[in-house]
There are 2 protein chains.
Amino acid sequence: MYYLSRMSTSYTEENYLKAIYKLQESNGETVATSTLAQVMGVHAPSVTDMLKRMAGKKLISYQKSKGFKLTEKGKQVAVDIIRRHRLWEVFLVDKLGFRWDEVHTIAEELEHIQSSPLVDKLDAYLGYPKADPHGDPIPDANGVLPKSRSVLLSSLKAGKAGKFTGVSDHSVSFLNYLDKMGISLGDTIKIKHVEDFDKTYTLELKGKKPAVVSHKVANSLLVIEQ
Amino acid sequence: MYYLSRMSTSYTEENYLKAIYKLQESNGETVATSTLAQVMGVHAPSVTDMLKRMAGKKLISYQKSKGFKLTEKGKQVAVDIIRRHRLWEVFLVDKLGFRWDEVHTIAEELEHIQSSPLVDKLDAYLGYPKADPHGDPIPDANGVLPKSRSVLLSSLKAGKAGKFTGVSDHSVSFLNYLDKMGISLGDTIKIKHVEDFDKTYTLELKGKKPAVVSHKVANSLLVIEQ
DNA sequence: ATATAAAATTAGATCGGTCTAATTTATTAT
DNA sequence: ATAATAAATTAGACCGATCTAATTTTATAT
Ligand SMILES: [Mn+2]
Ligand SMILES: [Mn+2]
Ligand SMILES: [Mn+2]
Ligand SMILES: [Mn+2]
């Protein structure tokens, strides 16, 4: 007997679905057992088991020893969870005053709360935000996720500038680093120089003295060229 | 491998602890297996199993075939969950605009979100409320739950009046009934007459015409005599 | 005090989600 | 094409939370 008669998708399944969705987005259509095991922090046989259960529920399509991918139904659930996750993150930052590096783990739980009216009202309460505190786009109530036009700062030539719109590295340490450097979403970042020797970037930020950052940093910042 | 390394108390244990706490509050010190099974909506052997697990964690003290009761540790967890539940209910009503009859089931899930900073910030954001939307007192951050001075309206003599401070029946149907009758928390309710024959109450509410309600209703309203 | 009824526990099973060890299947290199 | 390596699956187990059926313990009634 379950208190939250979730019935449909379990907590765990939702986390798998989200992970598969993100892997499909970045690493192409089909996903490998070992890859998923790694990002889920479980061992391969656990994934195989879970795949069978989820295939039974028509959340993924799965051919033994070939890869697997989300069905339309699975994709819908995944996007819905992502929507919830990002809305809660906005709530935590905008309303409760958390820092952007603190909200991910809390949202990782909140995203599973079972109630559509809750999500809708939260969305309205937050003013229908388009992006979460890390710049990631928030799918709308119909599951439509606006395609981002952002590119990595590292893809821009020296001399070009871009508006900082998001991060591709969501780690606490990177977010803290950006805070320390005074680099915030919305800032305009100009590439003054790219050092040929070690690929360090010299960046110019409005009203600040130039900053030298590693290639890794330039490769973790999403911008819209301007 | 668990994503929310809850470790300490599981979702399910927390629901059991809360139920035991409430049973101890109303039905005296020790609780019976069958009673708990009934309120948890499970069968008796499930309770026996759970009791063993919880006794192992020192959340309850348990003597086989005698009753059981919460330890100090168990009581602390229970009160903390109650605090979270009631704070979330305030959030849902005050901030998101839910009705008081809609929030219980959602809070039943939200109460388990693992994060003390979250609860503290929520508390602050809500302005440190003293009671939830049903008039139930909210334990403070130290787990201190103010003792209520409310009594059942049915305990008052005809002619007396009281301020409506809470309900002892939390069912959706009763809450809807009160809405329909225009009876809201904070209202002053005067007992005009108690019919000897069938114990119906004639109530006077400020600015409204007298209402006749059953004994069951008078027995579900908490008031502070005035 | 003994029989009967009620409450609680034990025994044995299932299910979701995980593990390790063993095996099978697919990929890669020579 | 065959052998070696890597990836995936199967087999068998565990844990938490539940169930039903059988048994034991406690309470109640005569
Ligand atoms: Mn999650
Ligand atoms: Mn985010
Ligand atoms: Mn609950
Ligand atoms: Mn309440």
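A quick note: this is a predicted structure, and the numbers were derived from the prediction, not measured. What you see below is based on every heavy atom in this structure, not just the backbone, and it leaves out hydrogens, waters and symmetry mates.
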Inset, instruction - Can you tell me the distance, in whole Å, between the OH atom of B/Y11 and the P atom of D/dA17? - result: 13 Å
Inset, instruction - Encode nucleotides 5-11 of chain D as B, S and - characters from 5' to 3', where the letter depends on protein heavy atoms closer than 4.0 Å: B to the base, S only to sugar-phosphate, - to neither. - result: ---SBB-
Legend entry - B/H104 ring center near B/H85 ring center (under 6.0 Å): yes
Inset, instruction - Kindly indicate whether a cation-pi arrangement holds for B/K95 with B/Y125, taking the cut-offs as under 6.0 Å to the six-membered ring centre and within 45° of the axis. - result: yes
Legend entry - Phosphate OP1/OP2 of D/dA17: any B/S10 side-chain N/O under 4.0 Å: yes
Inset, instruction - Answer with yes or no whether the side chains of B/H112 and B/N15 bring together a donor and an acceptor at under 3.5 Å. - result: yes
Inset, instruction - Give a yes/no answer on whether the side chain of A/S46 brings an N or O atom under 4.0 Å of OP1 or OP2 in C/dC19. - result: yes
Inset, instruction - Would you kindly give the CE-to-P distance between A/M50 and C/dC19, to the nearest whole Å? - result: 11 Å
Legend entry - Short side-chain N/O contact from B/H43 to OP1 or OP2 of D/dT20, under 4.0 Å: yes
Legend entry - Residues which pass ring pair (Phe, Tyr, Trp, His ring centres under 6.0 Å) with A/Y201, listed by chain and number, not counting sequence neighbours: none
Legend entry - Between D/dA17 (P) and B/L36 (CG): distance, integer Å: 14 Å
Legend entry - Nearest-angstrom distance from the residue atom CD of A/E14 to P of C/dG17: 11 Å
Inset, instruction - Could you check how far CE of B/M54 sits from P of D/dT18, rounded to whole Å? - result: 10 Å
Inset, instruction - Respond yes when some side-chain nitrogen or oxygen of A/R53 is under 4.0 Å from OP1 or OP2 of C/dG16, and no when none is. - result: no
Inset, instruction - Using atom CE of A/M40 as one end and atom P of C/dG16 as the other, report the distance to the nearest whole Å. - result: 17 Å
Inset, instruction - Would you tell me whether B/D101 and B/H170 have side-chain atoms, one donor and one acceptor, within less than 3.5 Å of each other? - result: no
Inset, instruction - Could you tell me whether B/F91 and B/F98 have their ring centroids closer than 6.0 angstrom? - result: no
